[in-house]
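Here is the naming used below: chain letters follow the sequence lines, and residue numbers restart at 1 for every chain. Treat the numbers as computed from the prediction; the structure is a model and nothing was measured.
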Amino acid sequence: MPKEETGVPARTRLDVYDSYLLLLTSYFLLLEHEVFVKLAVLESGLMMCRMNPLQDHPPGKLIAVEGLDGSGKSTQIYLLKRWLELQGMRVFFTEWNSSVLVKKATSKAKKRNLLTATTFSLIHATDFADRYEREIVPLLRAGYIVLADRYIFTAFARDVVRGNDPLWVRSIYSFAVKPDLTFFFKAPLETSLSRILDGRPTLKYHEAGLDMGWTIDPYESFRIFQGKIFEQYLGMEKEFEFIPMEATGTIESQQQQVRNIVSERIDLQRYKTLRRQ
Amino acid sequence: MNQKRFFGQGLPRLDLSKLTGKLIVIEGADGSGRSVQIAKLTEWLEAKGHAVAHVGLRRSTLVSEELEQAKQGNILGKTTMSLFYATDFADQLENRIIPALRAGFIVLADRYIYTLMARDIVRGSEVNWVESLYGIALVPDAVFFLHTGARQLVERNFQKNGRLDYWESGMDLGLANNMFDSFIRYQKKIQHEYKWMEEKYGFKVVNGNRSIQSILKDFKSHLLPLIDPTDPDLAGNKL
């Protein structure tokens, strides 16, 4: 049998996952929350350490922000980017769903409603992989600070709400490096919802979760969808060591917090651009 | 009727008990004679009154065009390519294979996840990762592997197309500085992967270095008991 770097035969690994899944479910039902979280951490740790071209301590750093639409995450990561840039740091910003070739396929698919839970998940994984292989990996190898507005956790939350198996989704993304810092913007559901919905925007079919068939009212569907995604985020907080950002205080004070954490946890001087005298 | 099952966690919300058709997979390299055999088998099955549906790789409504483009340009990374193919597969699984099986068709698949897995693994993906990716796939009722030597494949590719295909030669891997050597090395690597899959997934190996008729006879004798154990041809040995 080829490719046994992990030392565990392929079939055994799947069996291990199957039993984890059973364990997870039963513990979740029977015991308190903490057991669930511990097992989940173990599980994702196993996944994350495999197939990773960056596991030997990449020179760059990856900072991700996660949270609902309207949670304030994009504003905060933008301000973080400006702060780093103005100090002359090597910094690069990347956002979810922006690669060109796959975008063609996704927009066609979304227009014609061709997507199911499975293909929705896979086409976004393809899109992410393209951005990951083309941008994120080379930049991290080159010693950049990469700022990601949404990362794999967005997929974990959304795909699981759509009915995909949580371990399947996590295993697909196991090629991706874990961020050095993941800020989770934890604004209460109602706050995020009203920031988005008060303007009565045109909600896209999948964005509103209309494909789930909960209701035909896009606004109501969006509420239900976001509520479920928020639950998924809360469940991942410990599993992936999110840094929770409570939505208290002003934009300025929140940004100050973000900057403090970043400068505490990352030796920023190493990321200064080399300048010619 | 034997119950269908998935390799892994499968597709969400699907009732497998309603899939009454048969999924028959034919694997083999380009030039191994898959398409000729599939055409002949279709004729034979239809003559017996079975409805036949065909699927293959890169034939989904969803992404086949984009995949073709990506192939031409060779601009995508290996993980992106793997996932792109997986998307194409999942779309066909959900929109063609499963509906056809539900309607009682015999689905002839011109290649299946095994080719995709072998290609990914040769390009450095982990076996575990690829296997869990394709945990959504249905386990076929039978998998045939048309085994043909690399030299024979070269000859048939030249006869058919007058040239070797870039991807079937694994030119993206930089195995050799010319297509011929690359083709031979790549096909050997792929066959190395098929070798362990053969055991693990129970392929029926059919020797492809023979005449069309004798290969076809092999196929029929394997297929008939599966499709219709009461067929009189089986007892009379008239294949």
Practice item. Go through A:Thr116 and B:Asp91 one step at a time and tell me if the side-chain contact (heavy atoms from CB on, under 4.5 Å) criterion holds. Key: CA-CA 8 Å; A:Thr116 60; B:Asp91 190 51; over 6 Å; no

Check your understanding: After noting the C-alpha distance and the side-chain angles of A:Phe175 and B:Leu83, does the key distance pass the side-chain contact (heavy atoms from CB on, under 4.5 Å) rule?
Key -> CA-CA 11 Å; A:Phe175 62 86; B:Leu83 288 166; 3.9 Å; yes

Review point. Residues in ring-ring contact (aromatic ring centres under 6.0 Å, His included) with A:Phe92, at least two apart?
Key: none

**Study point:** Main-chain N/O of B:Gln9 paired to A:Trp168 side chain as donor or acceptor, under 3.5 Å
**Key:** no

Review point. Is the backbone N or O of B:Leu76 less than 3.5 Å from a side-chain atom of A:Glu133, with the two atoms forming a donor-acceptor pair by type?
Key: no

Practice item. Ignoring hydrogens and angles, state whether a donor on the side chain of A:Thr126 or B:Thr87 is under 3.5 Å from an acceptor on the partner side chain. Key: yes

Practice item. Check step by step if side-chain contact (heavy atoms from CB on, under 4.5 Å) holds for B:Ile136 and A:Asp165. Key: CA-CA 10 Å; B:Ile136 54 167; A:Asp165 181 276; over 6 Å; no

Exercise for review: Please test B:Asp88 against A:Leu122 for side-chain contact (heavy atoms from CB on, under 4.5 Å), starting from the C-alpha separation and ending with a verdict.
Suggested key: CA-CA 9 Å; B:Asp88 176 80; A:Leu122 284 170; over 6 Å; no

Check your understanding: At their closest point, which heavy atom of B:Pro12 faces which heavy atom of A:Ala117, and how far apart are they?
Key -> CG-CB, 4.3 Å

Practice item. State whether the side chain of B:Thr80 and the backbone N or O of A:Ala129 hold a donor-acceptor pair below 3.5 Å, judged by distance alone. Key: yes

Review point. Is the backbone of A:Ile172 close enough, under 3.5 Å, to the side chain of B:Trp129 for a donor and an acceptor to pair up by distance?
Key: yes

Exercise for review: Report the option among B:Ala90, B:Gly10, B:Ser82, B:Ser60 that has the most heavy-atom pairs separated by less than 4.5 Å from atoms of chain A.
Suggested key: B:Ala90

Exercise for review: State, to 0.1 Å, how close A:Arg162 and B:Arg13 come at their nearest heavy-atom pair, and which atoms those are.
Suggested key: O-NH2, 3.3 Å

